[in-house]
2 protein chains.
Amino acid sequence: MNDKTTIYDIAEKLSISAATVSRALNGSTKISSKTRELVLQMAENMNYEQNKVALALKSGRSKNVGVIVPHINRSFFSNVIRGIEEELSLSGYRVIICQSYDNAEKEMESLNALLNAQVDGVLMSISDLTSDLDFLLSKTIRKGVPLIFFDRKKDINGVSTVTINDFEGGYQATQHLINEGCKRIAHLRGAKSLQIYNDRCRGYKQALIDNGLEVNDEYVLETKSKIEAGTEAIKQLMKLPNPPDAVFSSSDFVALGVIKELKNLGIKIPENFCVAGFGNDPFTEFMEMPISSVDQFPLEMGKIAARVFLEQIDSPGEIKIEKKVVLSPKLHIRKSSSKKP
Amino acid sequence: MNDKTTIYDIAEKLSISAATVSRALNGSTKISSKTRELVLQMAENMNYEQNKVALALKSGRSKNVGVIVPHINRSFFSNVIRGIEEELSLSGYRVIICQSYDNAEKEMESLNALLNAQVDGVLMSISDLTSDLDFLLSKTIRKGVPLIFFDRKKDINGVSTVTINDFEGGYQATQHLINEGCKRIAHLRGAKSLQIYNDRCRGYKQALIDNGLEVNDEYVLETKSKIEAGTEAIKQLMKLPNPPDAVFSSSDFVALGVIKELKNLGIKIPENFCVAGFGNDPFTEFMEMPISSVDQFPLEMGKIAARVFLEQIDSPGEIKIEKKVVLSPKLHIRKSSSKKP
DNA sequence: AAATTTAGTGTTATCGATTGCACTTATTTT
DNA sequence: AAAATAAGTGCAATCGATAACACTAAATTT
């Protein structure tokens, strides 16, 4: 009933040593072609399959990499993971996924579990909360396990990062709204503890400044990435004495909430109000009111993160230079912000 | 620089044997409390962490499970995976994901890779194409590796399954359309090689029959699960001498395509045409024209599949009875099919 | 007090694959 | 033909943790 054949079984059947079997299977040159043939034949017959766990113990490489994301059931993250898996499976790596649920403690637990499981590398997008991951992260680096941040990064020595230029994304979206003739552009941003949101916000402000528009702090609100947060935020903004005529949101879901509520209020989009989101979530494209949004190229981001990992793992020397890859975002202009025909 | 402490290192420092260290760390009763304290203290000091690969080799259990899905970046699958991960991480299992890309060969490769990696179980949703997985599957079963199908199953002896009652889902959706007064209900279905689509179609037909409506084969088309496939299919249907007045689609994306095209054609929804989809993809809810859809409870499906796995793995005897769990689908009625106020 | 139990620890084999070293033949060099 | 080299193979250690078994010393029973 138990099916597993080992090299010892093959060795016994052929009355040779396990070492020879191993060499034959691994194509060592130090072996006669007759023995090689015999071994390969017997391995085939006995349905031999290499036990990767034994190999991992011996070699110190498990051929597993860990990926930690806040939630896998979000379009952005599942696409990044897809990219990672697509790329790494080609090199024989398997991808172990962990969810942090935007919880720093869970995140540390996951990282720890992955390291104990002897993963060959960790690719992660850090959680929403500022936390003291540093100890664990530096341990990871010390262990020589390549660590790569994607999207949500932290600037740490020895850690490679793959991100998009969030500043540019924020700038592009805002510049576009200005080009459409909007004068009072609000910004709905994510948590201050994450660089990406700070960068997008900086881009937004810079675009305003570069175009001679006033930066009004009343126009900048922090929201969660949820539809309801968008409806709440826009309600609040529209109560201002001088309400905005456009919103640039760091989240597509928030942008959607904004649009829903504006419809409720009877405000015409895009004629009297323009909206742009961030993330280019698939739904932004196929809504009846397609939403302009900044593409983060999650699939590509995943693939590049995977390639950075492969480079690190293949680098012969112990001195690993971290790599910082920054992708250019691309604004997709859609109806929600297209006043011009 | 190399950080890894083993039980041998601890043993040496304390001038005791590695076996004692192991026992102390594992809370064996056969150990004096002084030694236990000493070991735990030293382990703490030396940042000891158990090497799970060594443990896996010794124990024969890797504490890894494999999950194979067609694509992880699809709402349904990423939610199932989320459920699986959420549940299994509680028991210390890690989840390795593989994508089959609806390709039978890739699927077999993945399954094979997972088995070589000594996973303790495999949870999968089989690929679109009929294929000869049977050999590999039976090998898996013979090896005693629990195998669980979710959603897209194949009836195989010894394999547990977690599915929804697709027949009922199809029936419910169709019955609802009938209740709304639709008389000529078309059905856009997925590949014939998958049971789920056959079952949904059977439910559709049974509902028609039970309500004394004619089953018209011209009204049943096979489509891919894409927006464009929906627009194409509805174009074709509307050219019929006696075009339908409702569509039940096995895919939300197809339903969306149908709605888009009907708008194009100037047909009023839901007044003159009703549409229902399947999957309850998040977007169905927040469209301007929210789409009625059958919920498959992917998160729950994942969690249950995980629990079935845990039951199997914990069953002491070798005789594992397969479990067949069937969830009840739930139709969410939305604007796209609500003629009544 | 002698005999027996038991608590606590060490020795050693094991899981499966790889590899440096040693060893035997066969082959080539001088 | 003797010496040196090369080819092919086996032995044994290794990766890190566990556990069956053996053993010692203390505690308990008679």
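Throughout, a chain's letter reflects where its sequence line sits, starting with A, and its residues are numbered from 1.
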Exercise for review: Mind checking side-chain contact (heavy atoms from CB on, under 4.5 Å) for B:S78 and listing every partner two or more places apart, or none if nothing turns up?
Suggested key: A:N73, A:S78

Exercise for review: Starting at CG of A:L38, measure out to CG of A:L14 and round the result to the nearest 0.5 Å.
Suggested key: 5.5 Å

Check your understanding: Who passes side-chain contact (heavy atoms from CB on, under 4.5 Å) against B:S22, sequence neighbours left out?
Key -> B:I7, B:N26

What protein N or O atoms touch nucleotides 26-28 of chain C N or O atoms at under 3.5 angstrom, if any, and at what distances?
none

**Study point:** Non-neighbouring partners of A:Y48 that pass ring-ring contact (aromatic ring centres under 6.0 Å, His included), sequence neighbours left out
**Key:** none

Check your understanding: Reckon B:L57 touches a base, only the sugar-phosphate, or nothing at all at heavy-atom distances under 4.0 Å?
Key -> base

Review point. What bend angle does the helix from C:dA1-D:dT30 to C:dT30-D:dA1 show across its length, from five-pair end axes and to the nearest 10 degrees?
Key: 50°

Review point. Atom NZ of A:K4 to atom C1' of C:dC15: distance rounded to whole Å?
Key: 9 Å

Practice item. Walking along DNA chain D from 5' to 3', note the first and the last nucleotide with an atom under 4.0 Å from a heavy atom of chain B, and give both. Key: D:dG16 to D:dA20

**Study point:** Any residue meeting side-chain contact (heavy atoms from CB on, under 4.5 Å) with B:R307, in chain and number order, not counting sequence neighbours
**Key:** B:E87, B:K303, B:I304

Check your understanding: Atom CG of B:L14 to atom P of C:dT9: distance rounded to whole Å?
Key -> 11 Å

Point to revise | Minimal non-hydrogen separation, A:L123 against A:A306, with atom names | key: CD2-N, 4.0 Å

Review point. From A:L55 CG over to B:Q118 CD, what is the distance, rounded to the nearest 0.5 angstrom?
Key: 11.0 Å

Practice item. Using the test side-chain hydrogen bond (donor to acceptor under 3.5 Å, both in side chains), find all partners of A:T35 that sit at least two apart in sequence or belong to another chain. Key: A:S32

Practice item. Grab the two heavy atoms, one from B:K324 and one from B:V159, that are nearest each other, plus how far apart they are. Key: NZ-O, 2.9 Å

Exercise for review: Sequence neighbours left out, what passes ring-ring contact (aromatic ring centres under 6.0 Å, His included) with B:F76? Give chain and number order.
Suggested key: none

Check your understanding: Quick one: on DNA chain C, does B:S32 or B:S59 contact a more 5' nucleotide (nearest heavy atom)?
Key -> B:S32

**Study point:** Where A:T163 and A:D151 come nearest, the two heavy atoms and their spacing
**Key:** CG2-O, 3.6 Å

Practice item. Please work out if A:T6 contacts a base, only the sugar-phosphate, or nothing of the nucleic acid, heavy-atom cut-off 4.0 Å. Key: sugar-phosphate

Practice item. Mind checking A:T35 for me? I need base, sugar-phosphate or nothing, with any heavy atom below 4.0 Å counting as a touch. Key: sugar-phosphate

Scan nucleotides 18-21 of chain C against the protein and return all N/O pairs shorter than 3.5 Å with their distances rounded to 0.1 Å.
| unit_1 | atom_1 | unit_2 | atom_2 | d |
| --- | --- | --- | --- | --- |
| C:dT18 | OP1 | A:N26 | ND2 | 3.4 |
| C:dT18 | OP1 | A:Q50 | NE2 | 2.8 |
| C:dT18 | OP2 | A:S22 | OG | 2.8 |
| C:dT18 | OP2 | A:N26 | ND2 | 3.0 |

Check your understanding: Considering residues at least two apart in sequence or located in another chain, which fulfil the side-chain contact (heavy atoms from CB on, under 4.5 Å) criterion with B:K106?
Key -> B:Y101, B:N103

Check your understanding: Mind checking what makes ring-ring contact (aromatic ring centres under 6.0 Å, His included) contact with B:F309, not counting sequence neighbours?
Key -> B:Y93

